[in-house]
Amino acid sequence: MYSPRTPRQLTEPAWVRWSLIGLALIFLGLFLVLPLVLVFAEAFTKGAAVYFASFNDPDAAHAIKLTLLVMVASVVCNGVFGVAAAWAITKFSFRGKSLLLTLIDLPFAVSPVIAGLIFVLLFGAQGLMGSWLSDHDVKIIFAVPGIVLATMFITFPFVARELIPIMQAQGTEEEEAARVLGARGWTVFWRITLPNIKWGLLYGLILCSARAMGEFGAVSVVSGHIRGETNTLPLHIEILYNEPGQYAAAFACASLLSLLALVTLVLKAIVEWRQARAQAQAAQLSNVE
Amino acid sequence: MTISIRGITKRFKTFTALDGVDLEIADGELVALLGPSGSGKTTLLRIIAGLDSADAGSVWMDGEDTAGTTLRDRKVGFVFQHYALFRHMSIAQNVAFGLTVRPRDQRPPQAEIRRRVDELLKLIQLEWCADRYPHQLSGGQRQRIALARALAVEPRVLLLDEPFGALDAQVRTELRRWLRRLHDETGITSVFVTHDQEEAMEVADRVVVVNRGRIEQIGAPQAVYDHPATPFVCRFIGAANHFTARVTAGTASFAGIAWPSPEHHASADGEATVFVRPHDLALHTSAVAGAFLATVKRVHAIGPNARVELAAPGIEHCEAHLPSDGTSGMAPGTPVWARPQRARVFLGAV
């Protein structure tokens with residue numbers, strides 16, 4: 001008979017358990033909680049008035065807006081591309097499939113700085129397409145499109161990587177059943193595929209947005225650090241940090257970025273919980289009687 | 001609806017799943033595609049449905065070539081082995097799906113769809129679960145829902161892929177009878193795939209035995225059992241003892257028995273295989289003519305039937321089925337004379 005309590009002889013002695021738990025807690029506190037608390041403490045050293053004034057600065061306000069814009073753009077694009085890539089990889093078989101899988105992981109493997117440099121080499125003034133772009137008066141590097149492109153590149157794997165195992169596990173039977181029942185391609189996607197992957201998709205999008213907001217390296221290379229134009233929040237924080245007298249303002253902006261990260265973490269936890277529930281139901285469903 | 005399958009061939013890379021299969025299915029028939037796993041039976045079913053395409057050959061439905069028609073034009077009902085119910089939809093939504101995805105001008109009104117769903121749920125005796133979700137039902141219930149969902153679009157033909165394969169033995173027997181009854185009531189042309197010979201024999205009007213991408217035999221269950229056309233069918237359908245034999249001038253000799261085989265009178269002398277069903281092997285405790293001497297290895301008696309395992313020199317495995325009360329005096333180790341009452345002789349070694 002199964003007993004929910006672990007038998008005594010199978011657990012470690014109390015002092016081992018407590019010292020391991022204590023060690024883990026100290027580590028967590030030192031490396032995760034303390035820095036977060038310090039960010040907020042530093043931000044408020046000169047009082048709440050200075051704290052909120054930091055966001056009223058037009059450059060800061062612009063940086064916040066730009067960061068949100070870049071986040072939304074990359075989340076939307078990577079949502080669409082990620083679903084398309086996962087769909088292609090899991091529901092069809094074709095030549096070069098494993099190559100595509102490897103390519104999806106490329107942004108994880110490549111350093112963000114190199115990712116930024118790739119775009120400079122492609123679209124920069126001396127780059128491959130530089131002269132063509134300047135002839136047609138299109139600005140990508142040192143402009144918002146470059147920042148969006150670099151961020152999209154960095155965050156591309158999140159949605160696809162999250163969806164591929166889910167869609168692989170689900171197989172294609174439900175889609176086939178829908179098709180035999182007379183549903184067309186789009187109907188199958190909207191009514192069968194999308195509802196089945198929605199929690200995984202949301203999870204991927206949340207990870208993607210968190211990364212998009214925090215991206216520094218690649219964006220730093222392509223942005224040109226033009227204040228009030230191409231500065232995102234992380235870049236803005238760096239500039240303030242290096243400027244005398246702007247220490248508190250730097251931490252105020254850092255605290256905002258941390259707050260956004262915490263919000264995404266909470267969302268992620270909720271989605272994870274819903275996803276686990278959906279998976280438990282699915283597992284129950286595929287159980288052989 | 002009649003289905004005519006002509007010269008269907010299908011290859012997966014180097015593996016030939018189907019090799020020139022021809023099959024005619026009459027209107028209102030219930031046909032079983034029976035074969036071991038990997039024999040190509042599911043591939044054939046999927047090609048009939050239009051879920052897979054053949055490399056060569058054609059499928060005709062009601063005298064029309066289905067080449068170039070879309071899945072929705074074929075109007076088939078397909079039941080998957082693992083049900084493939086839409087997990088995020090309620091049972092009623094699942095059953096209604098085929099109707100709700102029709103183009104607006106062909107879609108029945110809401111009330112009509114609801115009426116149809118109720119009717120189908122009643123037919124499968126699951127009216128009470130309309131608002132439940134698939135994960136709340138048992139396997140047997142899910143499979144019946146999958147059937148109702150397939151029937152909702154009033155298909156011209158019903159195709160079932162190992163419909164009871166994932167269910168336990170008792171539910172399986174129940175659903176088998178239920179499927180047969182459903183077919184008799186609706187009269188819809190149906191094809192189902194199974195690797196379970198008992199299932200095929202019990203449910204189907206006609207059994208199509210498939211092996212290695214080819215059809216070995218087509219016939220009524222009893223006919224296939226009584227007159228197996230090939231050594232494969234002999235072994236696959238029902239139990240059979242097999243003996244290596246030599247055919248000389250219309251006589252097959254095996255285990256010291258000379259068995260007349262007039263149909264091989266004209267063929268050259270050579271090796272042959274003789275199949276004897278276990279219940280066609282009579283056991284005697286004293287010497288009789290036309291029998292071979294064997295030793296009783298084991299006796300398994302279950303209820304009124306007994307299985308007697310025999311050992312004889314040069315014979316790998318041999319068993320006889322007889323009534324339990326006929327096994328008196330057959331303790332393990334006792335010599336018996338086994339006399340085949342019927343046998344099938346095939347030329348060549350197996």
Original post:
Would you call Asn196(A) and Phe86(B) a side-chain contact if the rule is heavy atoms closer than 4.5 Å?
Top reply: no
Subject >> Student check: side-chain heavy atoms of Arg72(B) and Arg184(A) closer than 4.5 Å >> reply: yes
Subject >> For chain A, the option from Thr100(B), Leu159(B), Asp73(B) that forms the most heavy-atom pairs under 4.5 Å >> reply: Thr100(B)
Subject >> Residue Glu119(B) excluded, over 12 heavy atoms near CD under 6.0 Å >> reply: yes
Subject >> Region of Glu175(A) in contact with chain B, defined by heavy-atom distances below 4.5 Å >> reply: neither
Original post:
Near Trp128(B) CH2, under 6.0 Å, is it more than 12 heavy atoms from other residues, nucleotides or ligands?
Top reply: yes
Original post:
When only pairs under 4.5 Å are counted, which of Gly98(B), Pro103(B), Ala84(B) shares the most heavy-atom pairs with chain A?
Top reply: Ala84(B)
Original post:
Around Glu64(B), counting heavy atoms of other residues, nucleotides and ligands shown, do more than 12 lie under 6.0 Å from its CD?
Top reply: no
**OP:** Looking only at non-hydrogen atoms, find the nearest pair between Val180(A) and Val76(B) and report the distance.
**Re:** CG1-O, 3.4 Å
**OP:** Select one option (side chain, backbone, both, neither) describing which atoms of Arg46(B) are under 4.5 Å from chain A's heavy atoms.
**Re:** side chain
**OP:** Give a yes or no on this: more than 12 heavy atoms of other residues, nucleotides or ligands lie within 6.0 Å of atom CD of Gln170(B).
**Re:** no
**OP:** Dump the intermediate steps for side chain to side chain contact (heavy atoms under 4.5 Å, CB included) on Lys198(A) and His88(B), then the final yes or no.
**Re:** CA-CA 11 Å; Lys198(A) 64 180 175 201; His88(B) 60 282; 5.7 Å; no
**OP:** Please say whether more than 12 non-hydrogen atoms of neighbouring residues, nucleotides or ligands are located less than 6.0 Å from CZ in Phe94(A).
**Re:** yes
Original post:
If you look at every heavy atom in Arg191(A) and Met89(B), which pair is closest and at what distance?
Top reply: O-CE, 3.7 Å
**OP:** Side chain from CB out, backbone as N, CA, C, O: work out which of these in Arg149(B) comes under 4.5 Å of a heavy atom of chain A, or both, or neither.
**Re:** both
Subject >> Other residues, nucleotides, ligands: >12 heavy atoms within 6.0 Å of Phe81(A) CZ >> reply: no
Original post:
With a cut-off of 6.0 Å (strictly less than), are more than 12 heavy atoms of other residues, nucleotides or ligands near CZ of Arg107(B)?
Top reply: yes
Subject >> More than 12 heavy atoms from other groups under 6.0 Å of CD on Gln110(B) >> reply: no
Original post:
How long is the span from the CD atom in Glu174(A) to the CZ atom in Phe97(B), to the nearest 0.5 Å?
Top reply: 10.0 Å
**OP:** Any chance you could measure Ile192(A), atom CD1, to Arg87(B), atom CZ, to the nearest 0.5 Å?
**Re:** 10.0 Å
